Amino acid sequence: MGMLQFLGHSAFYLEGAGIKALIDPFLSGNPQASEGPDARPALDYIFVSHAHGDHLGDTVAIAERTSATVIATNELATYLAGKGLKTEGMHIGGRAKFPFGRVKLTPAFHGSSIFEGGHLVYSDVPCGFLIEVDGKKIYHSGDTGLSVEMTLLEAEGVTVAALPIGGYYVMDVEDAARAVGFIKPCKVVPIHYGTFPVLKADPEEFARRVGNLAETVIMKPGDKLMF
Ligand code: NI
Ligand code: MN
């Protein structure tokens, strides 16, 4: 049985057979974070959906400390390899086999950039992740608007989907509930809301809109979900 622990905003700890991983580890400076960047002594992988600070977060420091391999799009992975990290640079629509299971990168409609030394040093398309753990499929959409590409995920048989509901930069509760109708996961976890003033959303309203399309699991930072 696998375990997904919500760490606040879009960050998760994912554990299963052959994998201890973080997803979008924005922990330092995250007002919702349930743990700090030094909380995990051992990690195998870090999934990074895009380079915005609230997703790339503490990736460099954590990967340096744990020697975890960063899985991201090729350009972001190349940037991070330049910082001395171990990386797997995949791309949208690509699927790869890892010791724990397969990973597919999914489209996300959003931006991706890093300001470094006062300059925009990197920009690339963002992504989401479809991660197979213990024979189950976890879909973390990253930051994205609603898209018809999400209808393709229905055929994958998603066990748990983590979807942003905060609006402004990403889907709001209305669009995220429509996304659930496209994806048809068993369970859905609303993320990326309440962290900053513009990310206003009511997870209970999201749950009402999802209705019986899926089981909505509203996680507080630190909560664990077995799958
Ligand atoms: Ni973003
Ligand atoms: Mn974000």
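Everything numeric here is computed off the predicted structure, so don't read it as measured data. Whatever order the structure lists ligands and atoms in, that order sets their numbers, starting from 1.
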Review point. Charged N to carboxylate O below 4.0 Å: is that the case for E35 and R40?
Key: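 Looking at R40 together with E35, the answer is yes, because their closest N to O distance falls below 4.0 Å.
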Review point. Would R209 and E205 pass as an ion pair if we require N to O under 4.0 Å?
Key: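 Counted as a salt bridge, because a side-chain N and a carboxylate O are separated by less than 4.0 Å.
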Point to revise | Residue pair D143 / H52, side-chain donor-acceptor N/O under 3.5 Å | key: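 Looking only at side-chain atoms, H52 and D143 do not form any donor-acceptor pair under 3.5 Å.
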Review point. Will you find, in the side chains of H192 and D54, an N or O donor that is under 3.5 Å from an N or O acceptor?
Key: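 There is such a pair between these side chains.
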Point to revise | Main-chain N/O of K97 paired to E132 side chain as donor or acceptor, under 3.5 Å | key: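 Not at all, since once roles are kept as given, no pair shorter than 3.5 Å links the two residues.
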Review point. Closest N/O/S atom of D143 to the Mn ion (ligand 2), by atom name?
Key: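 Result: OD2.
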Check your understanding: So which of the N, O or S atoms of D54 lies nearest the Mn ion (ligand 2)?
Key ->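 Nearest N/O/S atom: OD2.
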Review point. Any N/O/S of D54 under 2.8 Å from the Ni ion (ligand 1)?
Key: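 Within the cut-off used here (under 2.8 Å), D54 places no N, O or S atom near the Ni ion (ligand 1).
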Which is the closest N/O/S atom of [X] when seen from the Ni ion (ligand 1)?
X	answer
H52	ND1
H110	NE2
D143	OD2
H50	NE2

Check your understanding: Shortest non-hydrogen contact from E88 to F98?
Key -> CG-CE2, 3.7 Å
Check your understanding: Looking at the Mn ion (ligand 2), is one of the N, O or S atoms of H55 less than 2.8 Å from it?
Key ->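 Within the cut-off used here (under 2.8 Å), H55 does place an N, O or S atom near the Mn ion (ligand 2).
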**Study point:** Under 2.8 Å: N/O/S of H52 next to the Mn ion (ligand 2)
**Key:**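 Here the distance criterion (N, O or S atom, under 2.8 Å) is not met by H52, so no.
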Review point. Any side-chain heavy atom of L146 within less than 4.5 Å of one from E174?
Key: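 A side-chain contact is absent here, since even the closest heavy-atom pair is not under 4.5 Å.
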